[in-house]
Amino acid sequence: MDAAATFQPNAAEAGIDRSLIVRNLTKAYRAGQPVLRDVSIAFAPRGVTAVIGPSGTGKSTLIRCINRLVDPTAGELLFRGDDLAKLRGRALREARRRIGMVFQEYNLVERLTVIENVLCGRLGYVPVWRAWARRFDSKDVDRAFQLIDAVGLTAFATQRADQLSGGQRQRVGIARALMQEPDLILADEPTSSLDPKTSVEIMELIASRAGERDIPAIVNIHNVALARRFADRIIGMSKGSIVFDGKPQELEDSHLLQIYGGEGWLE
Amino acid sequence: MSQAGPVQPRVAFPPNWTSRIVTVAICAYVVYAAQIVDFTWARFLTGLDQGRRFVARMFPPDFSADKLDLLYGGLVESMQIAILATVFGTLISLPLGIAAARNLAPAPIAWAARGAIALFRTLHPIVIAILFVKAVGFGALAGTLALTVASVGFVSKLVAEAVEEMSMAQVEAVRATGASFASVIVMGVFPQVMPRFIGFTAYELDSNLRNSALVGIVGGGGIGAPLFTAFQRFDYDFVLTIVLAIIAIVMVGEVVSGWMRRLFQ
Amino acid sequence: MTDSGLLPSGPAGQRLRQWQRFTPLQRVARAGFYVGVLIAIIWAMRTIQIIPEFLYDAPQQTADLFVRMWPIDWSWYPKTVHAALIETLHTATLGTILAVLLASPVALMVARNVTRSVVLNNVGRLILVATRSVHSLMWALFFVAVFGPGALAGVLAIAVHSIGFTGKFLSEAIEEAKPGPLEALVATGAPPAAVLIKGIWPQVKPAFLAIAMFRWDINVRESAVLGLVGGGGLGMALDTALSNLYWDQAGLVLVVILAVVIVTEIVTAWARSRII
């Protein structure tokens, strides 16, 4: 792995500050009913952060505010010298292409092949006519093949995405995010649609690839055990606010009770 | 990996020859066919010029009294044609559609009915109108008969499909009570098919209102004859009057048919 | 209807738990509707102008029609009808291709997941309704006046009239595209044009081909009669035969129209089963 890592163009550019600072972030889809209430977090420039909490508590909204799939109502998102919350148009697209995102439902274009889905990660970089004519840069194509090898889908490269299983699709989703040469990886419930074994493999893949590239990853996750196992830091959210922030080993049952409420389920 | 000796270069997008050939063929066809129909840039430009003059002559629309009389007579006749064709067409479609449904009718009857429906559907209303104009002479009767036949072709196919899709359990329940064939149809089939039948009727009224403006072109009565004449006499201002009136009637018809559908949902 | 309407609809009626299929208002509306339909039918029947003399010899005329058509003048096929048939097929095909090209931008304008402006959505919808409401024969009359008689007028009539139908179904197909993949492409920083080409197009392609096929089938029928008003093709041959009262030639054209419509229906059914 180490030899490959030094050889592969997988490591990110050195000397860039990849820390992300979220300041007073608020989001209300309907006026007066905020889903995120004045959230402030500083993410370190490397390492995996798991965000846990019950459904509907604003985890997804937090992640989607960072790459602006959702527009925040108020607050700042400082990343690489920009306030992501204020970007528009071309500047926003340029910021987005440095942020890879992995989705719960994979969100592949099912009628395209695996390699083309992975190359979709370059759409922010290549001119539209090149994408249309499928004339991607040969370096990009090489890299796409290497990523497909790295996520273990060598044999499926030219198959259509709708022929893959859930775990395989999520691997393509991860390869697509890495194809962007991201400075940050966001993952929104990447394992919720997968079986337990595949879930572990997918989390391992995200953690190892982010580590290899030396970039931070923010992962929304339901599974507390997986969060404990793969994260360097755990953030617990409840009702739009942060109620726990610490290392995995510091997370105790009392915190879980505070995050999720109720009792019986902890047995 | 790739350091281990020369490996075959992997191809990301193997050329898709069928898609390439089809694309080239379509492009070649368009160029060839455009030549056949004599579609040249020069002709397009003359056409644009002509079109501008055409539009200019349409304004203002002609609302003089004698033209309005002509318009009124034609419109009333068109509406009569549309109403009668819809009523007769849908009334004939109900038994014919049931006869064509393979789950109710015996096979020979179903196939005969299907053949008739296919024939009615295949012919354009205008072609049917030509035949009826020959058979019963110029005028509204020919138009009414033509649109009736066209409606039968359209609606009875939908009725047959609706009957084939309905639940046979209910039909069998009625049959099990010892009901006659007629009662089976009235109690077991009609209640299931009626709401959709009303929907087809509403749609057909719409479509007959549009088509009743056409049958006049071949002598089938209605507003089509004055429209055709106006075109031939270059009375483009009257053309605009007629077209506006037709659009208004079609829109009213759409409102009425939408209202009808909601009423019987 | 039921006799439940005779019962009081107050609390007493409710306590009886009377079965009522429709609300009173609905029943009144329906009764009113039936009366309206009846009046419309009676009005239409009583005032429509029918010349009785024409009706008396209708059976004779019909018999005469078939006698004059038979035997069909097959020798006319190679002379005129074949070229007219080919022209009709070109009119339908070229008209459909043009219609798809014209309808695609309108469909994108109408689709709410692509164009997020209600004003533009409605402008697009207006274009679709306007082109569809005017029949292809009327468009042909217009284009014959503009470009002169011939297949070109027919092609444009077919193309413009088909915009409404094609655009409507196309915009519905676009709106049915899964939002997830589009969101994923937006998240990679892809510009809107790239999202369109790599996200929406692969998803709507099968529907797009099916719609074009379906419309082509309809257009073959329609372009076969456009010649009656000068739009070229089989209709022109039919018009010539009719104005010369050569019914055996008209019969030939009718048989050819019937045949070509049946063949296109078979072809499109086969093609559709291969696409979907």
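Labels below follow one simple rule: chain letters A, B, ... track the order of the sequence lines, proteins then strands, and each chain is numbered from 1.
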As an exercise, state the distance from [atom1] of [X] to [atom2] of [Y], rounded to the nearest 0.5 Å.
| X | Y | atom1 | atom2 | answer |
| --- | --- | --- | --- | --- |
| C:I197 | A:R134 | CD1 | CZ | 11.0 Å |
| C:K178 | A:E105 | NZ | CD | 9.0 Å |
| C:T188 | A:R122 | OG1 | CZ | 10.0 Å |
| C:K198 | A:E116 | NZ | CD | 3.5 Å |

Side chain, backbone, both or neither of [X] within contact of chain C (heavy atoms, under 4.5 Å):
| X | value |
| --- | --- |
| A:I99 | backbone |
| A:E94 | neither |
| A:R90 | neither |
| A:L112 | side chain |

Considering all heavy atoms, the nearest A:V109-C:P181 contact: CG2-CB, 3.9 Å

Residue pair C:P206 / A:R111: nearest heavy atoms and the distance that separates them: CG-CZ, 3.4 Å

Note, C:P191 side chain near A:R93 side chain (heavy atom, < 4.5 Å): yes

Over 12 non-hydrogen atoms of neighbours within 6.0 angstrom of CH2 in C:W201: yes

Most chain A-contacting option - heavy-atom pairs closer than 4.5 Å, from C:A194, C:P179, C:A193, C:A187: C:A187

